[in-house]
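The structure under discussion appears below in the form of structure tokens.
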Amino acid sequence: RWHARLRPHGIAYFRAIEAFTFGGAWKKFGGNDPVKERERDELIHQLADLILDFPREAIGTNINTMEFTKLPLHIRRRFNDDPFFAAFDACIKQLVRKNTVEPDDNFNLICDDSEDNSAECLRAYRMFEKTEPDIARRVGCICFGDDKQFPPLQLADMFAYLLRKNASNAPDGLWREIHDKIMAGCPDVRITDVIV
């Protein structure tokens with residue numbers, strides 16, 4: 001259904017930065033043409049509605065890199081002095097500690113297979129295995145998918161984009177409408193700041 005919404009517009013896959021800023025395949029909706037902009041807005045709203053058609057929950061983590069650098073050295077070292085590792089760690093812990101999760105539930109992690117991202121995720125997961133072995137045992141696999149072919153990764157990209165915009169207090173716009181729609185429509189969304 002996700003691809004079926006995009007195909008009639010000649011869009012092969014959703015990438016949030018392009019969709020919200022009229023870049024890439026979404027450029028055709030720009031050019032200060034209010035009719036085309038409304039068409040783009042409606043398409044993004046339809047994708048958000050699809051998200052809300054399925055059982056869903058989401059976990060997100062905000063991390064302020066400037067605040068991270070002010071943490072004591074021993075805490076930063078725990079995360080290899082990298083805020084990405086701290087956020088990765090926090091997301092997995094939030095997932096496993098949800099009150100809807102049973103102690104014997106297992107998980108699979110699916111990450112975007114882009115060259116930079118996959119190496120970073122695998123490195124973060126390996127570090128997590130060392131620091132949190134009891135939780136890591138509950139992760140059946142970590143794998144990497146092509147976001148161009150796997151709509152859940154495109155949805156995750158949208159979600160991450162919306163969280164970044166919200167955390168940075170960006171001026172309201174279409175992103176705010178979609179953010180609020182998803183937050184209001186998802187039965188279980190948890191967004192936390194990283195606490196280390």
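If you read the sequence from its start, that first residue is 1, and numbering goes on from there.
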**Message:** Between E18 (side chain only) and G24 (backbone N and O only), is there a donor and an acceptor less than 3.5 Å apart?
**Reply:** no
**Item:** Salt-bridge present (D147, R15; N to O < 4.0 Å)
**Value:** no
Please set out all donor-acceptor pairs under 3.5 angstrom arising from side-chain atoms of residues 65-72, sequence neighbours excluded.
residue : atom : partner : partner atom : Å
T69     : OG1  : M66     : O            : 2.7

**Request:** Ignoring hydrogens and angles, state whether a donor on the side chain of K165 or H179 is under 3.5 Å from an acceptor on the partner side chain.
**Result:** no
**Asked** Salt bridge check: are R176 and D180 linked by an N-O gap of less than 4.0 Å?
**Response** yes
**Basic-acidic side-chain contact under 4.0 Å: R126, E129** = yes
**Request:** Answer yes if L109 and F79 sit in the same cluster of Ile, Leu, Val, Met, Phe, Trp and Tyr residues linked by side chain heavy atoms under 4.5 Å apart, and no otherwise.
**Result:** yes
**Message:** Checking the side chain of R40 only, and the main-chain atoms of W26 only, is there a donor and an acceptor separated by less than 3.5 Å?
**Reply:** no
**Prompt:** Same cluster or not: are F88 and M127 linked, directly or through other Ile, Leu, Val, Met, Phe, Trp or Tyr residues, by side-chain heavy atoms under 4.5 angstrom apart?
**Reply:** yes
**Item:** Whether over 12 other heavy atoms sit under 6.0 Å from N108 CG
**Value:** yes
**Request:** Can you see which heavy atom on E37 is nearest to which on N32, and at what distance?
**Result:** OE2-CA, 3.6 Å
**Item:** Derivation of the side chain to side chain donor-acceptor pair (under 3.5 Å) call for R164 and N62
**Value:** CA-CA 8 Å; R164 280 192 302 275; N62 293 320; over 6 Å; no
**Asked** Residues in salt bridge (charged side-chain N to carboxylate O under 4.0 Å, His left out) with D146, at least two apart?
**Response** none
**Prompt:** Between D104 and R138, does at least one N-O distance fall below 4.0 Å, as a salt bridge requires?
**Reply:** no
**Prompt:** Out of curiosity, I59 CD1 to L163 CG, how far, rounded to the nearest 0.5 Å?
**Reply:** 11.5 Å
